[in-house]
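When a ligand or atom number is given, it counts from 1 through the structure's own listing order.
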Amino acid sequence: MGLLFRGIVWFGLYVAFALAPLTVAMLADPIVADRGFALELGVAFGFIAYALISAEFALVSRLRAASEPFGTDSLMQFHRYMGIAALVFVCAHPLAAVPERLELADFNPLQGGLAARAGAIAFWLLLLLVAASLLRGRLRFAYEGWQLMHRLLAVLIALAMLGHVLAVDRYTSVLPVRVVTVVCVAGFLLLLLDYRGLRLLVLARRPWEIAWNRDEGGDTRTLSVRPVGHRGFEFAPGQFAWIATGRSPLTSEQHPMSISSSAERLPDNSLEFSIKAFGDWSRETIPALLPGTRVWIDGPFGAFTLDRAPGQGFVLIAGGIGVTPFRSMLLTMRDRGDRRPVILLYAARDWSRVVFRTELEALAREIDLRLVWVFEEPEPDWQGERGYINAAMLERYLPAPRDHHQYFVCGPIAMMDEIEELLARAGIPRGHIHSERFNVV
Ligand SMILES: Cc1cc2nc3c(=O)[nH]c(=O)nc-3n(C[C@H](O)[C@H](O)[C@H](O)COP(=O)(O)OP(=O)(O)OC[C@H]3O[C@@H](n4cnc5c(N)ncnc54)[C@H](O)[C@@H]3O)c2cc1C
């Protein structure tokens with residue numbers, strides 16, 4: 001089945017799920033009295049919010065089949081937007097339904113009957129969850145603590161929502177509506193069980209070990225990992241995997257990393273990851289991983305790959321550590337004898353921040369690769385490109401015919417937003433621009 005078709009099917013399923021409780025409630029319609037349009041509209045908002053929140057976890061639960069057509073970072077963005085949309089529907093639910101009777105006390109989780117209390121709890125927890133996610137960077141909230149809180153709040157919200165709809169007992173007084181509302185939340189909890197339980201048990205049975213751990217300069221280390229007692233997995237160049245380090249995958253930290261080695265299998269089925277020191281894990285745990293240390297790898301994931309973007313040639317635009325998926329793409333092209341032309345525009349502060357320089361220069365002699373270094377703060381005698389990548393620079397390097405090439409961008413978020421826009425303005429069809437955001441959460 002083609003990716004586009006699969007994408008349409010998954011999106012259709014998502015919309016059907018989002019409307020399922022509302023549709024079943026409308027069909028079952030146990031309420032005889034005419035309660036007025038505003039009240040019914042408010043109830044409809046409530047049902048939509050209920051389904052959107054229940055579906056949120058599915059978007060980020062590493063369901064490979066669902067993430068393939070869209071890419072993990074797009075699903076993550078969608079998860080964000082739908083979380084905000086759910087909050088808007090939750091706010092609109094009482095406002096539309098009973099505006100004249102609404103009092104501040106109705107939002108007090110310690111007052112009223114079970115339905116009111118559960119509704120108020122779900123509302124405040126959802127507000128807290130959305131605010132903490134939007135402000136995480138500004139509040140300098142550590143990722144791991146935030147992630148734990150996010151999951152805990154999500155489970156509490158799901159249970160409070162379920163308590164609210166069942167206790168209101170109007171539409172849910174009939175069996176079909178009860179069933180659909182319970183199934184929504186049960187699906188959410190089952191996915192969580194799979195994600196935090198079963199999947200980790202499977203991972204624990206397929207360990208990997210560090211083969212070597214190399215300093216690449218530019219605050220970056222490359223880890224080579226090989227499977228122990230199994231054959232590892234195949235991947236497409238540009239895809240990523242989750243690395244778990246620690247005593248077991250059940251207790252460990254997991255981080256997403258692009259696979260930086262060739263997708264043509266090495267004899268020992270090993271993989272490489274090139275990791276820049278950002279925070280505690282990458283700065284302290286990674287350098288301490290000695291050969292023989294056990295790690296666990298969950299992958300491959302992602303849609304950021306040459307293999308899904310047929311073109312006459314490629315333009316790769318990297319900012320800093322965003323070069324890692326491109327290393328994999330270029331090594332794979334070399335190993336496959338792929339002679340299509342590639343331009344790599346690699347932006348960094350200066351030479352000291354560049355990783356894989358020698359390797360990339362060697363690749364430029366082996367495949368049809370043109371390297372363009374763009375330095376933000378170059379040495380005074382630097383003759384090449386300087387500053388940020390801009391429209392004039394793209395004009396100098398974009399190959400013709402532009403729409404016969406595929407364009408891949410990976411780097412800091414601000415740079416990616418800018419370059420996606422510049423490429424679109426330069427006439428590149430949006431479908432030919434592919435991006436991978438490392439900072440998806
Ligand atoms: C698809 C993808 C591919 C990536 N590939 C690479 C790569 O090839 N090389 C590389 O150096 N970095 C890569 N990253 C970024 C990398 O995952 C983070 O830099 C790393 O997790 C930082 O962890 P830390 O604890 O050292 O730093 P922290 O200071 O704790 O985190 C820095 C930021 O990284 C993100 N982050 C941290 N932990 C996680 C996590 N468990 N899951 C998701 N995001 C997290 C958060 O936004 C956080 O604010 C990739 C990210 C994604 C999403």
Side-chain angles (χ1 to χ4, degrees), residues 60-62 64 67-68 70-77 79-80 132-151 195-196 200 213-225 235-246 249 251-261 271-289 295-305 316 318-329 331 348 353-356 408-413 416 434-441:
V60 289
S61 60
R62 299 194 206 168
R64 195 167 291 133
S67 70
E68 263 176 5
F70 308 105
T72 309
D73 63 347
S74 307
L75 280 187
M76 209 72 99
Q77 287 289 354
H79 167 85
R80 269 180 166 210
S133 304
L134 295 179
L135 299 175
R136 184 178 72 86
R138 246 176 273 166
L139 298 177
R140 298 188 183 275
F141 202 163
Y143 178 79
E144 287 77 19
W146 168 81
Q147 196 184 42
L148 194 69
M149 187 190 97
H150 196 77
R151 271 194 207 129
Y195 178 68
R196 292 304 301 166
L200 297 183
N213 182 344
R214 184 170 71 204
D215 186 354
E216 300 281 1
D219 257 352
T220 302
R221 301 194 74 88
T222 297
L223 297 181
S224 167
V225 296
F235 67 97
Q239 283 193 300
F240 75 96
W242 294 80
I243 311 182
T245 53
T251 54
S252 60
E253 263 187 53
Q254 295 201 23
H255 293 257
M257 282 295 149
S258 298
I259 305 169
S260 64
S261 47
L271 306 173
E272 288 167 23
F273 297 94
S274 303
I275 304 171
K276 179 157 176 158
F278 274 114
D280 296 352
W281 179 79
S282 48
R283 202 172 283 284
E284 285 156 30
T285 306
I286 292 301
L289 293 175
V295 292
W296 293 268
I297 312 287
D298 189 11
F301 294 98
F304 187 70
T305 169
L316 314 179
I321 195 60
V323 73
T324 53
F326 300 142
R327 177 182 189 246
S328 172
M329 293 178 186
L331 290 172
R353 293 307 175 102
V354 167
V355 279
F356 314 130
F408 290 82
V409 191
C410 186
I413 301 298
M416 294 183 66
H434 314 274
S435 31
E436 182 82 291
R437 282 172 162 71
F438 282 1
N439 201 356
V440 285
V441 281

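- For ligand 1 and S282, the ligand atoms under 4.0 Å from any heavy atom of the residue are 24 (P), 26 (O).
- Checking each of W242, W281, F273 against H255 for a ring pair (Phe, Tyr, Trp, His ring centres under 6.0 Å) leaves exactly one that passes, namely W281.
- Residue F240 touches ligand 1 through its side chain alone, judged by heavy-atom distances below 4.0 Å.
- The closest approach between a heavy atom of Q147 and any atom of ligand 1 is not below 4.0 Å.
- Set against the non-hydrogen atoms of I321, the atoms of ligand 1 under 4.0 Å away are 9 (N), 10 (C), 11 (O).
- Residue I275 approaches ligand 1 through these ligand atoms, each under 4.0 Å from one of its heavy atoms: 11 (O).
- For the 3.5 Å distance criterion, the side chains of T222 and E272 fail to qualify, holding no donor opposite an acceptor.
- Ligand 1 has no nitrogen or oxygen under 3.5 angstrom from a nitrogen or oxygen of E436.
- In this structure, W242 counts as a contact residue of ligand 1, since one of its heavy atoms falls inside 4.0 Å of the ligand.
- Not a single heavy atom of T72 sits closer than 4.0 Å to an atom of ligand 1.
- The option with the heavy atom closest to atom 23 (O) of ligand 1, from among E284, H255, R327, is H255.
- Nearest-residue assignment for atom 18 (C) of ligand 1 (options M257, R221, E144; heavy-atom criterion): M257.
- Of all atoms in ligand 1, numbered sequentially from 1 with element shown, those under 4.0 Å from a heavy atom of Q254 are 40 (C), 41 (N).
- In this view, Y195 and F57 satisfy the ring pair (Phe, Tyr, Trp, His ring centres under 6.0 Å) rule, not counting sequence neighbours.
- Using a 4.0 Å cut-off between heavy atoms, S260 makes no contact with ligand 1 at all.
- Of the N or O atoms in R283, none lie within a sub-3.5 Å distance of an N or O in ligand 1.
- Evaluated for a ring pair (Phe, Tyr, Trp, His ring centres under 6.0 Å) with F304, the options F438, F240, F408 yield exactly one hit, F408.
- Residues satisfying the side chain to side chain donor-acceptor pair (under 3.5 Å) test with R151, not counting sequence neighbours, are none.
- Ligand 1 is never approached by M76 to a heavy-atom distance shorter than 4.0 Å.
- The contact set between ligand 1 and T324, taken as ligand atoms under 4.0 Å from a residue heavy atom, comprises 7 (C), 8 (O).
- Counting all heavy atoms, side chain and backbone alike, F70 lies closest to L75 at CD1-CD2, 4.0 Å.
- When every heavy atom of E436 is checked against every heavy atom of C410, the shortest pair comes out as O-SG, 3.5 Å.
- Considering backbone and side-chain N/O of P256, one or more are found under 3.5 Å from N/O of ligand 1.
- Residue contacts with ligand 1 for F438 involve both N, CA, C or O and side-chain atoms from C-beta outward (heavy atoms, distance under 4.0 Å).
- Short contacts between ligand 1 and K276, defined as distances under 4.0 Å to a heavy atom of the residue, involve ligand atoms 10 (C), 11 (O).
- For a threshold of 3.5 Å applied to N or O pairs, the pair formed by G279 and ligand 1 contains at least one separation below that value.
- Heavy atoms only, all atoms of each residue included: A132 and M149 are closest at CB-CE, 3.3 Å.
- Using a distance-only test at 3.5 Å, with no hydrogens or angles considered, no donor-acceptor pair links the side chain of T220 to the main chain of E216.
- Heavy atoms of S274 come nearer than 4.0 angstrom to ligand 1 in at least one pair.
- Checking only distances, R437 never comes within under 3.5 Å of ligand 1, N or O to N or O.
- Nearest heavy atoms, G238 versus S328: N-OG, 3.7 Å.
- Without hydrogens or angle criteria, N213 side chain to A288 main chain gives no donor-acceptor distance under 3.5 Å.
- Summarising the geometry of S274 relative to S260, their closest heavy-atom pair is OG-OG, 2.9 Å, with the distance given to 0.1 Å.
- The two residues I259 and F235 have their closest heavy-atom pair at CG2-CZ, 3.5 Å.
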